[in-house]
Structure formats: C-alpha cells, structure tokens
Amino acid sequence: MDLERHDELLEALPEVYEEIFLSQRSRPEAMEYFDEVVADIHGGRIRELYELSKKGKPVVGTFCIYVPEEIVLAVGGACVGLCGGSDSTIPDAEEYLPRDLCPLIKSSFGFLVSRLCPYCLVADVIVGENTCDGKKKMYELMREFKDVHVVELPQVKDERGLEYWFEQVVRFKEFVEELAGEEVTFESLREAIEKVNAKREALRELYELRRHDPAPISGRDANLVAQIAFYDDVERFTERVQELNEELRTRVEEGEGLEGPRILVSGTPMPIPHWKLLYIVEDCGGVVVCEESCTGTRYFEREVSTEGDTVEDLLRNIAEAYMEANCAIFTPNEERVKDIIRKFDEWSCDGVILYNLKFCQPYAVEHAKIERRLREEGIPVLRLESDYGKEDVGQLRTRVEAFLESLA
Ligand code: BJ8
C-alpha cells in the first residue's frame with residue numbers, strides 16, 4: 001500500500017465532507033453513525049474484513065448490483081463494493097486504459113493498480129460481471145493484479161435470458177463454495193437472504209419516507225446511506241438505518257424537513273465520494289427526493305423470496321429477483337422508463353434529472369429515448385453528463401439553476 005499517497009488522498013476528505021454534509025442545517029441525529037463510517041472509511045471496517053479473511057471467510061470485491069451477495073453471506077463471507085467515485089486515481093488507470101472511458105471504470109481500476117484502496121487489497125477475489133464493454137474488458141486487465149471471477153449476464157430479459165442467468169447464479173454458488181471450502185446449505189442461504197432482505201427493506205423504508213413533503217432528509221444524506229450499504233456489515237447497517245427511519249418518522253409527523261423543487265435523479269451509479277451532482281442540486285435550492293440508480297432504488301427495491309425447499313429453489317428466487325433491476329445494458333429496457341414515470345408520480349416530483357457519467361454509452365443512448373418519453377408525458381427533464389472532476393461545476397450549476405427556476 002502506498003501510505004504516503006493514501007494519506008494525502010484522505011487529507012482532503014474532511015474539508016469536502018464538512019462542506020457537503022456537515023454544514024447542512026438540522027440534519028437527523030442518526031446520521032452521526034454514517035458520518036463516523038466515512039470518517040473511518042479506511043479503518044474499522046477494513047479491520048473487520050481482514051479478520052474475516054484471516055478466518056478463511058471470503059471477502060469478495062464487486063462492481064455491480066448483479067453479484068448476489070446472499071451467496072457470499074451464506075458461507076460467512078462479505079461483499080464489498082469497489083466502484084471508484086474519485087478522480088484521484090484516474091491518471092494511474094490511464095497508464096493502461098484509454099482516456100475516453102467511463103470515469104467509474106478508470107477510477108476503480110486506478111484504485112486497484114495504485115494500491116491506494118485498502119478494500120481492494122483486503123478482498124480475496126474480485127467478482128466482475130459482463131455488463132458494459134468497458135467493464136468487461138477491464139476485468140481482463142484486472143486479472144494481472146488480482147484473482148477475478150466473472151458472472152455473465154444475458155442481454156435480453158426473456159425466459160431464455162433468465163435461464164442463462166440462473167445457470168450463472170448456480171455457477172457463482174459453486175465458485176463461492178470452493179473459495180470458502182464449505183457448502184452453501186438451504187438454511188445458511190435462507191438466513192442470508194433474510195438478512196439482506198432486511199437491509200433492503202430498511203433502505204426501501206428510508207426512501208419511502210422521502211415521499212413526504214417536506215422531505216424529512218436531504219437527498220445527499222439519504223444517498224450517502226445507500227452508498228454505505230455496499231461496505232458496511234449487513235446487520236449493523238440495517239439496525240442503523242432502522243434507527244434513522246425512526247427519527248425520520250417523527251420528523252414527518254412534526255412536518256419538519258426540506259422544501260423546494262422536488263427532483264428525481266435517474267441514471268448511472270454515484271459511488272463514494274461522487275457527491276457532486278446531488279450537492280449542486282440541493283445547494284441551488286432543489287431537494288433530491290429519489291435516485292433511480294444502482295446507488296439508489298435499483299439496489300434495494302427487489303426482495304428475494306424465501307419460498308422453496310431446496311438450495312436450487314432459493315438460487316432460482318435470487319436469479320428472478322436480481323433480473324428485475326433495470327440496467328441500461330439490457331435491451332430493450334422498457335421497464336426503466338415506466339419505473340421513472342411511476343417514481344415521478346409517487347415521490348410527487350417536479351422534475352427529473354437524467355444523469356450519466358461521461359463515455360457511458362448504454363445510459364447516454366437510453367437517455368435520448370427516455371427524455372423524449374418523459375417530455376411526451378409532460379414531465380420536465382434535464383439531461384446532464386459529467387465526470388468526477390471539478391472543472392464543470394460552474395457549468396452544471398448554471399444549468400441546474402435554470403432548470404429549478406423553470407419548475408417554480
Ligand atoms: S447494474 S448500472 S452497477 S452495470 S461502468 S454501465 S457507468 S460505462 S456501472 Fe452498473 Fe451493474 Fe448496470 Fe448498475 Fe456506464 Fe460506466 Fe459501464 Fe457503469
């Protein structure tokens with residue numbers, strides 16, 4: 001690990017965090033736990049994962065919500081999200097990867113090769129997935145630095161696609177069993193499904209509380225919680241989100257919260273510390289009330305059924321539930337636009353921001369169509385493209401301000 005560079009990298013975090021999160025007025029007290037997680041982001045959790053790995057339990061690094069965490073949990077292991085959200089490691093990645101590539105891919109790869117991310121280092125293995133072309137090819141290069149297993153996703157969500165995906169889930173279970181040196185049993189898998197379902201339910205409830213007007217929590221705080229879901233211990237995290245929800249229910253009863261144009265943000269994931277867009281929207285007077293993204297609702301909306309009598313039944317339930325996530329790598333992906341329209345209504349939104357990371361072709365192409373469909377429905381929409389840098393902050397701010405004014 002490059003400790004000197006690592007410390008330099010973390011040095012900037014408190015100031016940014018103060019500006020984006022701690023300076024907000026009347027934050028829920030229960031956010032303190034999540035602040036501590038970020039303050040100690042390369043500390044306590046890393047020690048826990050290291051201990052787990054020492055005991056022979058697999059620590060699995062992932063880059064996509066399609067990797068079934070229940071299976072890893074069923075053998076006592078843990079999944080950690082390794083998606084990079086910082087531009088600090090992009091120059092490292094550009095020694096291997098083309099410049100015109102999605103920043104999420106470059107940042108993630110950069111963290112691995114620069115040895116700056118202790119999560120990458122503590123992970124026993126990386127589990128990638130065949131989704132977009134950039135990620136697919138990145139996993140080939142990652143093999144030079146770490147053991148990599150890839151799960152293959154179908155491109156079409158039909159019966160054949162589901163069957164193909166089910167076979168991949170079975171193959172992943174066998175891979176995890178070999179890694180852990182123990183079998184996934186019906187009981188261990190059902191228990192793991194129940195734990196992850198509880199985590200997802202707590203997150204669902206958090207997002208449902210955001211339907212209220214005024215919103216009992218800011219978009220950036222709620223999204224921070226969703227981002228932390230990819231790192232933290234599942235049970236502890238669930239309890240802390242439930243505590244937060246309890247506090248938010250009181251706020252709703254007392255009519256306490258944030259007012260302003262209510263915005264649904266939809267698009268590519270926003271991994272830690274990519275907080276730029278939500279901060280800009282809220283700093284300009286809007287309130288982000290929902291994120292249709294993989295660091296938002298796509299991660300937790302589905303619940304895996306525990307019906308069945310065999311491990312195979314549970315694996316089928318996992319395959320079916322995971323197939324519901326509407327990623328732009330699927331074609332066609334009609335359910336996503338319906339989902340956005342439904343969320344616009346259910347969260348009483350005033351406008352939609354379609355957001356995509358630069359060079360992300362699946363989302364950029366899909367957004368052209370979605371924008372048209374939303375306009376046909378009379379839904380105000382703003383399309384934005386950005387990366388992890390600061391260079392476009394002024395320009396984004398100008399466009400967001402104009403959009404929010406148009407909603408008034
Ligand atoms: S299920 S969204 S987490 S693939 S890396 S597609 S931004 S060009 S992350 Fe994703 Fe799974 Fe789909 Fe979700 Fe675009 Fe970048 Fe590719 Fe990306």
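For ligands, and for the atoms within them, numbers begin at 1 and follow the listed sequence.
For the residue pair Y164/E152, the side-chain donor-acceptor check at 3.5 Å is satisfied. Side-chain contact annotation: N326 with K338, donor-acceptor N/O pair under 3.5 Å absent. No hydrogens or angles considered: a donor-acceptor pair under 3.5 Å links the side chains of Y322 and E70.
What sits closest to atom 2 (S) of ligand 1 on the protein, heavy atoms only, is Y363 OH, 3.2 Å. Among protein heavy atoms, the minimum distance from atom 14 (Fe) of ligand 1 is reached at C360 SG, 2.2 Å. Of all protein heavy atoms, the one closest to atom 15 (Fe) of ligand 1 is C102 SG, 2.3 Å.
Taking the six-membered ring where the residue is Trp, Y388 and H274 present tilted rings, their angle falling between 30° and 60°. Note: Y299 and F230 have tilted aromatic rings, judged against thresholds of 30 and 60 degrees for the angle between ring planes. Ring-plane geometry between W275 and F21 is classed as perpendicular, the angle between the planes exceeding 60 degrees on a 0 to 90 degree scale with a lower cut at 30. Note on ring orientation: taking the six-membered ring where Trp is involved, the planes of F175 and H149 are parallel (angle under 30°, cut-offs 30° and 60°).
Shown here are the protein N/O/S atoms lying under 2.8 Å from atom 11 (Fe) of ligand 1, water excluded: C64 SG.
Under 2.8 Å from atom 16 (Fe) of ligand 1 lies an N/O/S atom of C132, whether from backbone or side chain.
Aromatic ring centres of Y207 and W347 lie farther apart than the 6.0 Å criterion allows.
The protein does not reach atom 17 (Fe) of ligand 1 closely, with no heavy atom under 4.0 angstrom from it.
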Side chain to side chain donor-acceptor pair (under 3.5 Å) between E312 and T310, worked out: CA-CA 5 Å; E312 193 182 314; T310 62; 5.7 Å; no
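Of the listed residues (T268, I105, L153, T62), the one carrying the non-hydrogen atom nearest atom 7 (S) of ligand 1 is T268.
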